[in-house]
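Below is one structure, written out as structure tokens; comments come after it.
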Amino acid sequence: MTDPVSPHFAHARAPGKINVFLKVGQLQGDGYHELATAFQAVSLYEDVRAYPADDFSVSFTGSIDTTGLSTDGSNLAIKAARLLARQSGYRGGVRLEVEKNVPIAGGMGGGSADAAATLVACDALWGTDASREELTALAAKLGADVPFALSGGTAIGTGRGDQLSPALAKGRFHWVLAVAEFGMSTPEVYSALDRHREEHAQDIYPALMTPAVDTDVLQALRAGDARQLAEALHNDLQAPALRLAPGLHEILELGEQSGALAGIVSGSGPTLAFLVPDADSALELQVALGASGLNALRVTGPVHGARLVQEW
Ligand code: C5P
């Protein structure tokens with residue numbers, strides 16, 4: 001039975017992210033690596049609508065092809081809903097409709113955004129009234145990037161990337177994304193990094209126990225200075241991602257020759273994020289990449305984390 005005082009449905013929205021800095025430390029016993037990362041939430045969103053139901057289901061709509069996505073219990077949105085139900089003692093289920101705009105397996109945390117928006121939507125639909133701290137604790141159980149999709153803004157992530165502290169960021173940064181037609185598996189990219197480190201152990205420094213975010217990045221964010229940030233962008237997963245998908249080299253070069261201050265692989269890739277000085281340059285770069293047959297999107301950051309969208 002559905003509680004008559006519940007809203008008819010709840011709608012929440014959560015953003016995708018770019019890691020403007022990502023340093024990968026040592027592999028831990030739990031299969032995760034110690035990280036130091038600076039996240040920025042950007043204006044590409046996942047919208048989750050949650051409807052009362054007796055069991056748990058999910059379906060997809062949106063601007064991208066979702067045919068390959070799982071809709072069973074392995075889907076992260078369903079896992080999020082089940083986890084909240086279990087923790088809160090809610091007995092019913094939910095029918096989730098996910099409107100996807102963040103590239104799938106693209107390194108921008110689309111699945112994590114689904115999970116964060118689902119937690120917020122189900123909390124409202126079911127009236128579970130969980131605090132932000134409680135939702136964040138559940139988010140961390142679902143995946144390393146889920147707490148950030150909940151908090152949004154600009155933040156430093158340590159541990160698995162799930163221990164967040166807010167970073168001061170001034171103004172708005174303009175990005176152009178080059179979205180690939182294929183996805184990449186995050187565990188595979190991390191494994192490629194580990195293999196490379198093992199094979200070249202004699203030539204490279206050992207991975208740090210506790211990596212840290214460079215102060216240049218923090219300063220650039222604080223100053224709201226895109227040129228300074230462009231100099232400080234860094235991603236340890238870029239080299240392994242480029243080894244697995246060498247075609248991305250050419251697109252990085254194209255972006256940098258077409259007006260980007262700098263380009264970087266987003267998270268574990270294959271989405272590329274180009275930082276540009278302003279909105280006009282973003283449009284020019286989008287047109288230039290589009291003319292080469294690439295799917296290019298303009299976004300800005302930082303934006304808010306997962307929250308309800310009022311529809312009535
Ligand atoms: O937590 P999430 O499901 O997003 O992580 C996906 C995979 O990425 C993990 O199973 C692990 O292989 C890798 N990962 C990692 N170290 C991290 C975060 C993710 O090795 N800090």
Side-chain angles (χ1 to χ4, degrees), residues 14-42 46 58 68-70 72-83 98 100 102-119 135-152 155-165 183-198 206-213 234-241 243-245 264-271 305-306:
K17 55 82 187 168
I18 294 170
N19 301 80
V20 301
F21 181 93
L22 176 56
K23 201 159 250 183
V24 180
Q26 289 183 357
L27 178 61
Q28 309 295 301
D30 60 3
Y32 278 80
H33 295 74
E34 275 299 299
L35 292 188
T37 188
F39 292 107
Q40 181 155 97
V42 295
E46 301 283 89
V58 65
L69 285 179
S70 72
D72 59 15
S74 66
N75 180 277
L76 202 55
I78 294 207
K79 283 187 181 171
R82 284 191 194 278
L83 182 63
V98 181
K100 285 198 81 70
V102 180
I104 296 166
M108 290 192 63
S112 301
D114 294 348
T118 297
L119 288 175
L135 290 181
T136 302
L138 297 183
K141 290 187 183 170
L142 292 161
D145 291 339
V146 186
F148 179 70
L150 207 53
S151 76
I156 304 305
T158 52
R160 295 173 165 194
D162 56 349
Q163 288 165 30
L164 299 178
S165 52
M184 265 160 87
S185 147
T186 302
E188 273 178 33
V189 178
Y190 275 98
S191 300
L193 175 67
D194 291 335
R195 269 199 312 279
H196 182 80
R197 284 177 169 173
E198 269 172 41
L208 295 169
M209 276 297 278
T210 44
V213 175
H234 174 81
N235 182 1
D236 274 353
L237 295 177
Q238 176 151 325
R243 273 195 295 277
L244 292 170
I264 193 169
V265 168
S266 175
S268 55
T271 306

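Please read these numbers as outputs of a predicted model, since none were measured by experiment. These values consider heavy atoms only, across backbone and side chains, with no hydrogens, waters or symmetry-generated copies. Just follow the structure's listing: the first ligand is 1, and inside any ligand the first atom is 1.
Atom numbering of ligand 1 starts at 1 in the shown order; those under 4.0 Å from a heavy atom of H33 are 15 (C), 16 (N), 17 (C), 20 (O), 21 (N). With ligand atoms numbered from 1 in the order given, ligand 1 contributes 17 (C), 18 (C), 21 (N) to contacts under 4.0 Å with heavy atoms of R160. Listed by atom number, the atoms of ligand 1 under 4.0 Å from P187 heavy atoms are 7 (C), 12 (O).
For atom 14 (N) of ligand 1, the closest non-hydrogen atom on the protein side is Y190 CE1, 3.4 Å. The protein heavy atom nearest to atom 17 (C) of ligand 1 is Y32 CD2, 3.4 Å.
Within the 4.5 Å cutoff, no side-chain heavy atoms of D114 are placed close to those of L76. In this structure, the side chains of E46 and K100 come closer than 4.5 Å at one or more pairs of heavy atoms.
Nearest-heavy-atom check against atom 4 (O) of ligand 1 across A140, G267, A144 picks out A144.
At a 4.0 Å cut-off, at least one heavy atom of G31 sits close enough to ligand 1 to count as contact.
By the 3.5 Å distance cut-off applied to N or O atoms, T186 is not counted among the residues near ligand 1. In terms of polar-atom proximity, defined here as any N/O pair under 3.5 Å, G143 makes no such contact with ligand 1. Considering backbone and side-chain atoms alike, D145 places every N or O at 3.5 Å or more from each N or O of ligand 1.
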- Task: Report the C-alpha separation of S268 and T186 in whole Å, then their side-chain angles, then the decisive distance to 0.1 Å, and conclude whether the side chain to side chain donor-acceptor pair (under 3.5 Å) test is met.
- Result: CA-CA 6 Å; S268 55; T186 302; 3.0 Å; yes
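To the nearest 0.5 Å, atom CG of residue D145 and atom OG1 of residue T37 are 8.0 Å apart. To the nearest 0.5 Å, atom CG of residue L138 and atom NZ of residue K79 are 14.5 Å apart.
Although no hydrogens or angles enter the test, the distance criterion places a donor-acceptor pair under 3.5 Å between the side chain of N235 and the main chain of G267.
A salt bridge is defined here as a Lys NZ or Arg NE, NH1 or NH2 lying under 4.0 Å from an Asp or Glu carboxylate O, and D236 with R197 meets this definition.
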